[in-house]
There are 2 protein chains.
Amino acid sequence: MARQERAIRTRESILEAMAGLFIEVGYEAATIAALVERTGLTRGALYFHFPTKEAMARGVLDGAVTREGILPQTYKLQEWVDLGLLLAHRMPQEPMLRAAVQLSVDPKARSMFGTRWPDWINLGEDLLVEAEQRGELLPHAVPAEIARLAVGAWTGVQLVTEARPQGPGLDEEIARLYQLILPNVASVGVLAKLDTSPHRAKRLLGPAS
Amino acid sequence: MARQERAIRTRESILEAMAGLFIEVGYEAATIAALVERTGLTRGALYFHFPTKEAMARGVLDGAVTREGILPQTYKLQEWVDLGLLLAHRMPQEPMLRAAVQLSVDPKARSMFGTRWPDWINLGEDLLVEAEQRGELLPHAVPAEIARLAVGAWTGVQLVTEARPQGPGLDEEIARLYQLILPNVASVGVLAKLDTSPHRAKRLLGPAS
């Protein structure tokens with residue numbers, strides 16, 4: 001393995017370990033000492049990649065807004081739904097994504113780094129505006145409002161679902177959320193064509209997921 | 001003022017001050033030292049009312065699930081909507097309610113105290129089951145699922161709205177959330193009779209609110 005590739009992997013593994021700490025104990029209580037213990041790396045090695053805990057938090061947040069897995073669809077509204085279904089499928093498996101939510105709801109981390117919610121809202125709004133231009137939305141549906149409410153609703157459903165491990169999985173709950181919202185967003189002809197199955201994300205990501 | 005009444009007021013003012021700290025710096029960083037500074041009370045006086053920080057967190061959470069302001073309505077579905085509209089109206093003004101959300105999304109506090117979400121879900125589900133029995137719901141609407149999704153969606157919309165102080169107020173956003181959801185929940189005749197105005201909560205609480 002080339003030296004550069006190894007450095008990138010080490011960097012990723014540090015971020016993942018720190019993401020785990022952010023999730024388990026919160027931003028304030030996540031210390032470099034705990035990270036040393038968890039990774040087995042020296043302080044020197046950690047500081048080589050990230051000079052401060054703040055830099056690690058920024059690293060986690062930088063990877064949090066992603067269109068990965070989104071494929072072009074006949075309807076733009078399907079791409080908007082896919083955005084949420086894919087994230088619901090990935091989040092339980094990816095500590096980095098969960099840590100980004102955790103940092104957004106932590107008062108201290110939020111005051112230092114802000115949140116990624118405005119980026120998610122913009123991404124959703126762009127897709128909904130395209131959907132509107134193609135006539136896929138009901139006449140009264142306002143893209144900016146729906147994008148904003150959907151990011152809020154998605155985030156809260158994730159938090160409540162995560163807090164009830166004995167309940168339904170996130171992919172099922174998020175699929176139900178879209179099924180609840182879409183009849184008041186999609187034009188009648190388009191609604192019948194949308195796929196909101198909780199299994200869709202897995203299919204989109206391919207057999208390796 | 002009688003001694004007992006004074007004690008109750010002091011207790012309330014301690015909880016409110018601690019709620020403010022939970023919101024601003026999070027559970028971990030909220031210290032008794034900061035509370036002494038903020039309230040002007042001695043440690044002895046604080047400990048007389050609450051032996052530990054944990055007891056204060058429990059005090060905040062105990063007051064977090066409330067039917068205050070809910071009045072009997074022709075439609076049970078209206079009472080369910082009122083629950084959410086009232087909380088949206090009160091939360092920006094009441095640090096204790098915001099602190100309860102903050103404690104629910106804090107990993108350490110959540111592991112110690114759990115959340116109030118199951119109680120809110122049960123309260124909503126009870127109203128929705130009554131609404132269903134009276135024929136107010138669409139045939140495919142499942143009370144347990146809607147209650148669960150609504151608590152999640154409500155919570156997330158609150159968090160995203162609070163993080164964007166330049167955006168619309170919580171009462172407006174929550175009213176929009178119900179307007180988005182209800183056409184897929186309420187039977188057609190009932191839907192037209194529901195009041196989802198962002199000003200409704202203020203009217204329900206009366207002129208003093």
Side-chain angles (χ1 to χ4, degrees), chain A residues 21-30 98-99 101-102 104-111 114-118 120-121 138 140-142 144-146 148-164 166-168 170 172-174 176-185, chain B residues 21-30 98-99 101-102 104-111 114-118 120-121 138 140-142 144-146 148-164 166-168 170 172-174 176-185:
Chain A
L21 281 171
F22 288 148
I23 296 165
E24 287 163 42
V25 300
Y27 179 73
E28 185 82 9
R98 288 210 304 291
V101 174
Q102 193 52 57
S104 300
V105 300
D106 180 288
K108 189 165 176 196
R110 185 195 287 183
S111 72
T115 77
R116 286 301 106 121
W117 293 327
W120 278 112
I121 292 170
L138 289 169
H140 65 266
V142 180
E145 289 177 4
I146 296 163
R148 221 165 52 217
L149 288 174
V151 168
W154 196 106
T155 303
V157 168
Q158 189 268 327
L159 288 164
V160 170
T161 303
E162 184 185 57
R164 307 183 83 201
Q166 78 291 5
L170 185 60
E172 288 174 63
E173 283 295 82
I174 292 296
R176 282 198 193 97
L177 178 68
Y178 284 107
Q179 287 155 15
L180 186 61
I181 288 176
L182 282 170
N184 205 18
V185 172
Chain B
L21 281 171
F22 288 148
I23 297 165
E24 287 162 42
V25 301
Y27 179 73
E28 185 82 8
R98 288 211 302 292
V101 175
Q102 192 54 56
S104 299
V105 299
D106 179 290
K108 189 166 176 194
R110 184 194 288 181
S111 72
T115 77
R116 286 302 106 121
W117 293 326
W120 278 112
I121 292 169
L138 289 169
H140 65 267
V142 180
E145 289 177 4
I146 296 164
R148 221 164 52 217
L149 288 174
V151 167
W154 196 106
T155 303
V157 168
Q158 190 268 326
L159 288 163
V160 169
T161 303
E162 185 186 56
R164 308 182 81 203
Q166 77 292 3
L170 185 61
E172 288 174 64
E173 283 295 82
I174 292 296
R176 280 198 194 99
L177 178 67
Y178 284 107
Q179 288 155 16
L180 186 62
I181 288 175
L182 282 170
N184 205 18
V185 172

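What you are looking at is a predicted structure, and each value in this text was computed from that prediction instead of being measured.
Only the backbone of Ile23(A) comes within contact range of chain B, with heavy atoms under 4.5 Å apart. Proximity to chain B (any heavy atom under 4.5 Å) is shown, for Tyr27(A), by neither the backbone nor the side chain. Of the two parts of Val101(A), neither the backbone nor the side chain holds a non-hydrogen atom closer than 4.5 Å to a non-hydrogen atom of chain B. Both the backbone and the side chain of Glu173(A) come within contact range of chain B, judged by heavy atoms closer than 4.5 Å.
Across every non-hydrogen atom of Val157(A) and Leu149(B), the tightest pair is CG2-O, 4.0 Å.
Arg110(B) pairs by the salt bridge (Lys or Arg N to Asp or Glu O under 4.0 Å) definition with Glu162(A), not counting sequence neighbours.
Residues Val142(B) and Arg176(A) have side chains not in contact (no heavy-atom distance under 4.5 Å, counting atoms from C-beta outward). Side-chain contact between Leu159(A) and Thr115(B) is absent, with no heavy atoms from C-beta onward closer than 4.5 Å. Contact of the Lys108(A) side chain with the Glu28(B) side chain is not registered, since no non-hydrogen atoms from C-beta on lie closer than 4.5 Å.
One N or O on the side chain of Gln102(A) and one on the backbone of Val105(B) form a donor-acceptor pair closer than 3.5 Å. Checked by atom type and distance alone, the side chain of Asn184(A) pairs as donor or acceptor with a backbone atom of Gln179(B) at under 3.5 Å.
Most heavy-atom pairs under 4.5 Å with chain B: of the set Glu24(A), Glu145(A), Arg164(A), Arg148(A), this distinction falls to Arg148(A). Most heavy-atom pairs under 4.5 Å with chain A: of the set Pro168(B), Gly114(B), Pro118(B), this distinction falls to Pro168(B). Contact count against chain B (heavy-atom pairs under 4.5 Å) is highest for Pro107(A) among Pro107(A), Ala150(A), Ala153(A), Gly156(A).
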